[in-house]
There are 2 protein chains.
Amino acid sequence: MLEPPRPTDAELAILRVLRRRGASTVKDAHEELARSSPTGYTTTLKQLQIMAEKGLVTRNESQRAHLYVARCPEEQTQTQLVGDLLDRAFDGSAARLVQRALSSRPASPEELAEIRQWLDQLEGETK
Amino acid sequence: MLEPPRPTDAELAILRVLRRRGASTVKDAHEELARSSPTGYTTTLKQLQIMAEKGLVTRNESQRAHLYVARCPEEQTQTQLVGDLLDRAFDGSAARLVQRALSSRPASPEELAEIRQWLDQLEGETK
DNA sequence: ACTTGTCAACGAAGAGTTTCGTAGATGGCG
DNA sequence: CGCCATCTACGAAACTCTTCGTTGACAAGT
């Protein structure tokens, strides 16, 4: 279990829900998911079972309705996905990726300020 | 041909080669690809055929050895992929994505300066 | 006990991706 | 012409992802 493969689209959607709700039964997770994209109950169940096998979520079986929890923090998932994209499509250039991100979505002044703060912090470390 | 689905891993690898080499025969593209991940000649051929169907590459059949060219500029692919990732895993927050990108790969001071330049330019536009 | 509702488990189907073996077309060369 | 190398075309197999129908277990109510 060294290299977690990157989560698929459906898996990311489920992780989003689990992180927002905390420990959830299949029923609860499914109801939330079905709001944005209607799908069968057993579909969500199957996804969660697979994700448990993969180690993306942990399962508490002490109750009849099992409880699922996201296993890794959102930060880790995000860092992994970004690093992956960096390698696959940006030749490792973080600067280029940032450029594309900012041109893809017009960021608010607040966001720009936040980013600037990050740059300050990083440059401070380098010195 | 409204919404091009995001390119798969294999497709991205091929687009990388085509953009570096320019118009290429299957043979040439395959030889370059096989260096990093050994695979059969017909595999590359099939990929290029599928990509031609999808419109990711164009094919010049005037010579016996067809010539393939990447159809969309790298910039467009990158913008699309980043926008996609933004939606799927970052709740649309470009600032968060930038943060993760910078913590995922230690960026060089030059890159940081480049990013800072971009921020200046964007803020200038807003005013 | 019987029925009903809720739940996990299982299996399978359909789509998309990736790989490759084989066949068919073409051009050059003896 | 007939042989050989090269290249595309075709089809199928293996794999993953996603979805869902069905089954069986279990608990609560009648």
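Order of the sequence lines sets the chain letters (A, B, ...), proteins ahead of strands, with each chain counted from 1.
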Legend entry - Whole-Å distance separating the CG atom of Asn60(A) from the P atom of dC7(C): 16 Å
Inset, instruction - Measure from the side chain of Ala10(A), starting at C-beta and using heavy atoms only, and say which of dC20(D), dT18(D), dA25(C) lies closest. - result: dT18(D)
Legend entry - Sole residue of Arg16(B), Lys54(B), Arg6(B) in side chain to side chain donor-acceptor pair (under 3.5 Å) with Glu11(B): Lys54(B)
Legend entry - Side chain of Arg64(B) - closest among dT19(D), dT26(C), dA27(D): dT26(C)
Legend entry - Among dC7(C), dA5(D), dA9(C), the one nearest Tyr41(A) by side-chain distance: dC7(C)
Legend entry - Rounded distance in Å - CG (Leu12(A)) to C1' (dT18(D)): 14 Å
Inset, instruction - For Lys46(A), report the nucleic acid contact type (base, sugar-phosphate, nothing); a contact means any heavy atom under 4.0 Å. - result: base
Inset, instruction - Measure across Leu81(B) and Ala89(A) and return the closest heavy-atom pair with its distance rounded to 0.1 Å. - result: CD1-CB, 3.7 Å
Inset, instruction - Tell me whether the OP1 or OP2 atom of dT18(D) has a side-chain N or O from Thr43(A) closer than 4.0 Å. - result: no
Legend entry - Residue among Glu31(B), Gln49(B), His30(B), Glu32(B) satisfying side chain to side chain donor-acceptor pair (under 3.5 Å) with Thr44(B): His30(B)
Inset, instruction - Specify the separation, in whole Å, of atom CD of Glu53(B) and atom C1' of dA9(D). - result: 11 Å
Inset, instruction - Find the distance Tyr68(B):OH to dC7(D):C1' and express it as a whole number of Å. - result: 10 Å
Inset, instruction - Answer yes or no: does a side-chain N or O of Arg59(B) lie under 4.0 Å from OP1 or OP2 of dA9(D)? - result: yes
Legend entry - For atom CD of Glu11(B) and atom P of dG16(C), their distance in whole Å: 13 Å
Inset, instruction - Kindly say whether Gly22(A) contributes a backbone atom to a donor-acceptor pair with the side chain of Ser24(A) at under 3.5 angstrom? - result: yes
Legend entry - For atom CD of Glu61(B) and atom P of dA25(C), their distance in whole Å: 16 Å
Inset, instruction - Kindly point out which of dT18(C), dT8(D), dA8(C) is positioned nearest to the side chain of Leu45(B)? - result: dT8(D)
Inset, instruction - Using atom CG of Leu48(A) as one end and atom C1' of dT19(D) as the other, report the distance to the nearest whole Å. - result: 14 Å
Legend entry - Length of the CD1-C1' vector between Ile50(B) and dG16(C), whole Å: 9 Å
Inset, instruction - Please work out if Thr25(B) contacts a base, only the sugar-phosphate, or nothing of the nucleic acid, heavy-atom cut-off 4.0 Å. - result: nothing
Inset, instruction - Ignoring backbone atoms, establish whether Thr42(B) has a side-chain N or O less than 4.0 Å from OP1 or OP2 of dG21(C). - result: no
Inset, instruction - Select base, sugar-phosphate, or nothing to describe what Gln49(A) touches, counting heavy atoms under 4.0 Å on all strands. - result: base
Inset, instruction - Answer with base, sugar-phosphate or nothing: what part of the nucleic acid does Thr8(B) contact at a heavy-atom distance below 4.0 Å? - result: sugar-phosphate
Legend entry - Leu56(B) and Arg71(B), any side-chain heavy atoms less than 4.5 Å apart: no
